[in-house]
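The structure appears below as structure tokens.
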Amino acid sequence: MEKETKNFIEKIIEEDLETGKYGGRVHTRFPPEPNGYLHIGHAKSICLNFGIAEKYGGLCNLRFDDTNPEKEEEEYVRAIIEDVRWLGFDWEDRLYYASDYFERLYECAVELIKKGKAYVDDLSAEEIRKYRGTLTEPGKESPYRNRSVEENLDLFERMRKGEFDEGQKVLRAKIDMASGNINMRDPVIYRIIKKPHHRTGDRWCIYPTYDFAHPLSDSFEGITHSLCTLEFEDHRPLYDWFLDQLELYHPQQIEFARLNLSYTVLSKRKLTRLVEEGHVSGWDDPRMPTIAGMRRRGYTPEAIRDFCDRIGVAKANSIVDFELLEHCLRDDLNKRCPRVMVVLNPIRVIITNYPEDRVEYVEAINNPEDPTAGTREVPFSRELYIEADDFMEEPPKKFYRLAPGREVRLKHAYIIKCEDYEKDPETGRITTLYCTYDPESKSGSNQQKKVKATLHWVSARHAMDVEVRLYDRLFRVPNPDDKKECPDFIDCLNPDSLKILTNCKAEPSLKNARPGERFQFLRLGYFAVDLDSSEEKLVFNRTVTLRDTWKKIKSKIS
RNA sequence: UGGGGAGUCGUCUAAUGGCAGGACGGCAGACUCUGGAUCUGCUUGUAGGGGUUCGAAUCCUCUCUCCCCAGCCA
């Protein structure tokens with residue numbers, strides 16, 4: 001039914017394949033800068049680059065764009081490698097670093113100088129800005145623009161040797177100060193930075209800029225299609241210019257729209273701020289849209305990849321509904337997660353006609369979506385816990401769970417009837433429900449009385465105390481990037497994005513759950529064991545709720 | 001008011017001269033020992049004006065709106 005549709009990049013590639021532009025090769029790369037953690041927006045790019053290579057029998061490299069030692073750290077390199085691998089992609093032996101090319105890059109810069117296409121400029125950063133002109137006015141040429149090749153060569157070599165201070169000199173491409181494209185107004189291609197680099201140490205004190213390093217790195221690696229985001233569209237003439245001037249193998253840059261997701265932010269600057277100002281517990285806080293955060297939250301790589309497939313690739317800016325991500329997540333989790341019963345907000349139920357010391361083990365299906373998942377035994381006894389939300393003293397019409405005089409089924413067990421209840425006179429909170437059970441109604445028996453609701457429950461005597469962390473969207477508005485609505489995006493954070501429940505009651509089969517394991521808590525949602533769990537206490541992260549029709553009805557009738 | 005891009009259901013995305021389709025969301029129903037899942041149906045869209053054509057989302061033209069660029073960040 002679903003016809004396979006190609007995105008515009010695939011169309012370009014298929015055309016190139018047909019015309020033999022790159023000899024039938026397809027070679028892409030994912031080029032992160034190691035200055036932060038990867039997020040779901042990067043996942044789009046990763047899936048695109050690795051996905052296209054796979055689809056056309058090509059290759060995809062992982063390359064760190066580490067040309068700025070002021071911002072980059074080893075820690076990020078480690079995290080990025082882990083995340084890309086976790087997503088399920090393999091670059092085999094093609095792990096590269098732009099810093100591996102520093103010597104070659106330097107030689108290319110020398111070559112450019114020799115061709116009269118680059119010069120050392122003594123203007124300060126401030127002066128360069130002034131000389132650059134504005135969006136509507138052309139720039140002015142630097143007084144140092146026409147130095148001789150020899151002088152430039154000498155100066156550039158001395159820059160490398162560390163004879164000058166930071167900011168004192170830069171190497172600039174000699175292009176066109178009057179260009180309508182500001183990137184072509186003699187862009188800086190080398191600057192002095194006297195900071196140790198995480199890989200090259202103090203071997204260098206001059207570093208190439210992105211504009212210079214990127215096309216050349218792509219060229220060195222034999223990349224065919226260099227996919228990047230829209231904001232680099234203006235840089236493409238520059239990308240092409242370097243390669244043309246240096247007469248190097250010439251990949252083609254193609255730009256696509258970056259991902260935006262509702263109710264979150266996806267800029268590294270903003271995510272860094274959330275971490276540094278402590279609005280979240282770290283890069284892997286389960287509320288973060290980072291790969292590490294989503295992994296901890298309980299997302300699967302399959303769900304993320306499915307999402308990336310479904311959002312498509314185009315050139316128009318857009319904001320994808322958060323609901324689509326959740327749909328992909330539920331779709332995957334539903335198939336793979338064992339079901340288990342956990343009561344988040346317990347109220348006690350006493351089955352008055354059930355023997356005091358009796359314990360029955362009822363058989364429970366682990367996953368109705370997966371027959372191979374088998375069954376388990378769950379203890380049932382006279383005292384149980386059920387969810388506080390599953391009882392109402394005065395139920396509205398559409399509420400068909402437990403209420404005085406009402407009958408419901410306890411999943412995998414018996415039908416019970418609420419005969420009486422107790423409430424705390426101070427708080428008005430229901431404390432205990434007195435119910436009777438129908439011994440003939442056991443699950444699996446022939447007696448099939450119909451009741452409108454089925455509840456999850458846990459035997460009080462056998463219950464395990466667990467902690468559950470309920471996460472909600474990080475922001476309370478669909479578009480926290482909107483300056484009109486959120487002058488400062490921090491002010492639009494959702495104050496209820498995390499609720500910690502410490503008095504939750506879990507069925508005993510969960511005893512051996514290990515960090516990273518995922519479950520469906522029946523009727524509630526999907527939960528993953530957090531690494532904060534200990535022998536004494538399990539901690540669960542709510543990955544995503546189940547679709548909740550009752551919640552909708554409830555909000556409509558109120 | 002320089003340069004570069006983009007406008008298709010609420011959202012994302014197909015259709016490149018021939019019935020505007022899919023997904024998510026929403027709504028309604030069926031089914032259900034999860035108010036889950038599943039299934040069925042419905043809903044809504046070519047930014048605007050002119051033009052070419054038997055026929056235009058698609059071609060031409062004018063207009064409008066939105067995004068990106070003035071880092072020695074990427």
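If you're wondering where the values come from, they're calculated on a predicted model, not measured in any experiment. Letters A, B, ... are given to chains in the order of the sequence lines, protein chains preceding strands, and every chain is numbered from 1.
- Spacing between B:rG10 and B:rU46 at atom C1', rounded to whole Å, works out to 16 Å.
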Dot-bracket for RNA chain B, 5' to 3', Watson-Crick and G-U pairs with both distances under 3.5 Å, [ ] for crossing pairs, | for partner on another strand, reads .((((((..((((....[..)))).(((((.......)))))....(((((..]....))))))))))).....
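- Ring pair A:Tyr96/A:Tyr101 is tilted by interplanar angle, where 30° to 60° counts as tilted.
- On the P atoms, B:rC19 is 10 Å away from B:rA57, given to the nearest whole Å.
- Residues A:Ile553 and A:Trp550 form a side-chain contact, since some pair of their non-hydrogen atoms from C-beta on lies under 4.5 Å apart.
- Within 4.0 Å (heavy atoms only), A:Ile553 reaches at least one base atom of the nucleic acid.
- Contacts of A:Pro368 with the nucleic acid, taken as non-hydrogen atoms under 4.0 Å apart, include base atoms.
- Counting to the nearest Å, the P atom of B:rA74 and the OH atom of A:Tyr76 are 16 Å from each other.
- For B:rG71, the O4'-C1' to base torsion is within 90° of 0; the nucleotide is therefore syn.
- Among the heavy atoms of the strands lying under 4.0 Å from A:Arg401 is at least one base atom, whether or not backbone atoms are also near.
- For B:rG71, the OP1/OP2 oxygens have a side-chain nitrogen or oxygen of A:Arg129 closer than 4.0 Å.
- As judged by a 4.0 angstrom heavy-atom cut-off over every strand, A:Ile311 is placed among residues touching the sugar-phosphate backbone only.
- The residue A:Ile128 sits close to a base: some heavy atom pair falls under 4.0 Å.
- Nucleic acid contact class of A:Ser124 (heavy atoms, under 4.0 Å, all strands): base.
- Base contact: A:His412 has a heavy atom under 4.0 Å from a base atom.
- Distances from the side chain of A:Arg191 to the nucleotides B:rA74, B:rU34, B:rG3 place B:rA74 closest.
- Across every non-hydrogen atom of A:Leu105 and A:Ala98, the tightest pair is CD2-O, 4.1 Å.
- Minimum atom distance to the side chain of A:Thr134 is reached by B:rA70, of the listed B:rG5, B:rA70, B:rC69.
- The side chain of A:Ile182 lies closest to B:rC69, out of B:rG35, B:rA14, B:rC69.
- Set against B:rG2, B:rA74, B:rG35, the side chain of A:Thr549 has B:rG35 as its closest nucleotide.
- Listed nucleotides: B:rG5, B:rA74, B:rG71. Nearest to the side chain of A:Leu230: B:rG5.
- Counting any heavy atom pair closer than 4.0 Å across all strands shown, A:Val451 reaches no nucleic acid atom.
- The ring pair (Phe, Tyr, Trp, His ring centres under 6.0 Å) check on A:Tyr131 picks up nothing, with sequence neighbours excluded.
- Of all the heavy atoms in A:Lys268 and A:Trp283, the pair that sits closest is O-CH2, 4.5 Å.
- Within 4.0 Å of A:Lys411, counting heavy atoms only, lies at least one base atom of the nucleic acid.
- Side chain of A:Asn68, nearest nucleotide from B:rA74, B:rU34, B:rC12: B:rA74.
- For the OP1/OP2 pair of B:rG35 and a distance below 4.0 Å, the side-chain nitrogens and oxygens of A:Arg523 include at least one atom meeting the criterion.
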Reading 5' to 3' through nucleotides 24-32 of chain B, protein heavy-atom contacts under 4.0 Å coded B for base, S for sugar-phosphate only, - for none:
SSSS-----
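- Counting any heavy atom pair closer than 4.0 Å across all strands shown, A:His235 reaches a base atom.
- Looking at heavy-atom distances under 4.0 Å, A:Glu33 makes contact with sugar-phosphate atoms alone, never a base.
- Relative to the side chain of A:Asn7, the nucleotides B:rA14, B:rA37, B:rA74 differ in distance, and B:rA14 lies closest.
- Between A:Asp122 and A:Lys452, the one whose closest nucleotide on RNA chain B sits nearer the 5' end is A:Lys452.
- For A:Asn181 against B:rG4, a side-chain-to-base donor-acceptor contact under 3.5 Å is absent.
- In the set B:rG2, B:rC73, B:rA70, B:rC73 carries the atom at the smallest distance from any side-chain atom of A:Lys71.
- The side chain of A:Phe399 sits closest to B:rG35 out of B:rG35, B:rA37, B:rG2.
- The side chain of A:Arg269 contributes no N or O atom lying less than 4.0 Å from OP1 or OP2 of B:rA74.
- For the pair A:Trp457 and A:Lys411, the tightest heavy-atom approach, listed with the atom from each and the gap, is NE1-O, 2.7 Å.
- The phosphate of B:rU34 (OP1 or OP2) has no side-chain N or O of A:Arg409 nearer than 4.0 angstrom.
- Two residues, A:Asp548 and A:Gln168, neighbour RNA chain B, and the one matched to the more 5' nucleotide by heavy-atom proximity is A:Asp548.
- Residue contacts for A:Tyr207: at a heavy-atom cut-off of 4.0 Å it reaches no nucleic acid atom on any strand shown.
- At the phosphate of B:rA15, OP1 or OP2 sits under 4.0 Å from a side-chain N or O atom of A:Lys11.
- Contact annotation for A:Thr67: backbone-only contact, meaning every heavy-atom pair under 4.0 Å involves sugar-phosphate atoms and none involves a base.
- Residues A:Asn181 and A:Pro237 form a side-chain contact, since some pair of their non-hydrogen atoms from C-beta on lies under 4.5 Å apart.
- For A:Arg236 and B:rC68, the shortest distance from a side-chain N or O to OP1 or OP2 is not below 4.0 Å.
- When the P atom is used for both B:rA23 and B:rG48, the distance is 26 Å, rounded to whole Å.
- A:His42 and A:His39 have tilted rings, their planes meeting at an angle from 30° to 60° on a 0 to 90° scale.
- Note that the CZ atom of A:Arg406 and the CD1 atom of A:Ile416 stand 13.0 Å from one another [nearest 0.5 Å].
- To the nearest whole angstrom, the two P atoms, one in B:rC60 and one in B:rA6, are 14 Å apart.
- In the set B:rG5, B:rC12, B:rA70, B:rG5 carries the atom at the smallest distance from any side-chain atom of A:Glu233.
- If you look at A:Tyr76 and A:Phe64, their ring centroids are not closer than 6.0 Å.
- Using cut-offs of 30° and 60° for the angle between ring planes, the A:His197 and A:Tyr207 rings count as parallel.
- Between B:rG22 and A:Thr5, no contact under 4.0 Å exists linking OP1 or OP2 to a side-chain N or O.
- Taking a 6.0 Å sphere around NZ of A:Lys6, one finds it holds 12 or fewer heavy atoms contributed by other residues, nucleotides or ligands.
- When the P atom is used for both B:rC39 and B:rG22, the distance is 15 Å, rounded to whole Å.
- Ring geometry, A:Phe527 versus A:Phe521: the interplanar angle falls under 30°, so the pair is classed parallel (tilted spans 30 to 60°).
- Residue contacts for A:Glu255: at a heavy-atom cut-off of 4.0 Å it reaches no nucleic acid atom on any strand shown.
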